[in-house]
Amino acid sequence: TDFASLINAVPQASLRELVDVTRIIAGQLSNPMPNFNVSVIVTGHSDRQDRPDLSCDERRASEIAAARDRATSAWEWIKAEVMAAAAEDGVDAGEWWETSPHVTWAVVPAATGMLKHDPPSEEQRPENRRVMVLVSIFNPE
């Protein structure tokens, strides 16, 4: 669930896209364009909790917590990247995620709702534990 420590394992093309998004958001903070909006949804996924000593409710709670922690870690990384990019432009972005009229966001713990492998082998379990970042950019120009 430590996104920052895992980001270097992300394929370079995907990482470049994510960094580009942080730069676009920072640009909206340093030089906002009217009617230009960015929406970011960070979705955390988890693997099934199969421990037999847990009740169904405990397993579900564990899956949700893992997905939430994974998504929150990714969102914290995105926020830090945007802050750093804004600072490079000479802008103190403050709590931009709370104040920007041009950026909306959400953190979604999908838990085991969209497993890549169901049922997973032991080798496939890590692929169920993932983060997806969905970005929508509206630019009427």
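The backbone N or O of Arg68 lies less than 3.5 Å from a partner atom in the side chain of Thr72, making a donor-acceptor pair. Side chain of Ser46 to backbone of Glu63: a donor-acceptor contact under 3.5 angstrom is found. Remark: side-chain polar atoms of Asp89 are not paired, donor with acceptor, to backbone N or O of Ser30 under 3.5 angstrom. Counting only distance, with no hydrogens or angles, the side chain of Arg130 and the backbone of Asn128 share a donor-acceptor pair below 3.5 Å.
In this structure, the side chains of Val42 and Val108 stay at 4.5 Å or more apart for every pair of heavy atoms. A heavy-atom distance below 4.5 Å is not found between the side chains of Trp105 and Val38. Side-chain contact between Ile41 and Val133: absent, with no pair of heavy atoms (C-beta onward) separated by less than 4.5 Å. Between Ser121 and Gln124, the closest side-chain pair of non-hydrogen atoms falls below 4.5 Å.
For the pair Arg51 and Asp53, the tightest heavy-atom approach, listed with the atom from each and the gap, is NH2-OD2, 2.6 Å. Among all heavy-atom pairs drawn from Phe138 and Pro140, the shortest one is CE2-CD, 3.8 Å.
Note that CD of Gln49 is 12.0 Å distant from CD1 of Ile64, once rounded to the nearest 0.5 Å. To the nearest 0.5 angstrom, Gln28 atom CD is 8.5 Å from Asn139 atom CG. Atom CG of Asp20 and atom CD1 of Ile137 lie 9.0 Å apart (nearest 0.5 Å).
Hydrophobic cluster membership is shared by Leu29 and Trp97, with clusters built from Ile, Leu, Val, Met, Phe, Trp and Tyr side chains linked at under 4.5 angstrom. Both Val40 and Val19 are members of a single hydrophobic cluster when ILVMFWY side chains are connected at heavy-atom separations under 4.5 Å. In the hydrophobic cluster analysis, where Ile, Leu, Val, Met, Phe, Trp and Tyr join through side-chain heavy atoms closer than 4.5 angstrom, Leu134 is grouped apart from Leu18. Met132 is not connected to Val135 by any chain of hydrophobic side-chain contacts under 4.5 Å among Ile, Leu, Val, Met, Phe, Trp and Tyr, and they are in different clusters. Both Phe36 and Val21 are members of a single hydrophobic cluster when ILVMFWY side chains are connected at heavy-atom separations under 4.5 Å.
Residue pairs satisfying the salt bridge (Lys or Arg N to Asp or Glu O under 4.0 Å) criterion with at least one member in residues 90-101, sequence neighbours excluded, are absent. Under the salt bridge (Lys or Arg N to Asp or Glu O under 4.0 Å) criterion, the residue pairs touching residues 27-47 are Asp47-Arg125, Asp47-Arg129, with sequence neighbours excluded. Sorted by first and then second residue, the ring pair (Phe, Tyr, Trp, His ring centres under 6.0 Å) pairs involving residues 106-133 (not counting sequence neighbours) form an empty list. The list of side chain to side chain donor-acceptor pair (under 3.5 Å) pairs with a residue in residues 32-45, not counting sequence neighbours, reads Ser39-Thr104.
Electrostatic pairing of Asp118 and Arg48 counts as a salt bridge here, judged by a charged N lying under 4.0 Å from a carboxylate O.
Looking at residues two or more places apart in sequence or on another chain, you find a side chain to side chain donor-acceptor pair (under 3.5 Å) between Asp57 and Arg60.
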Under 3.5 Å, side-chain donor or acceptor atoms of residues 74-88 against the rest of the protein: list the pairs with distances, not counting sequence neighbours.
| from | atom 1 | to | atom 2 | distance (Å) |
| --- | --- | --- | --- | --- |
| Glu76 | OE2 | Lys79 | NZ | 3.2 |
| Glu88 | OE1 | Arg23 | NH1 | 3.0 |

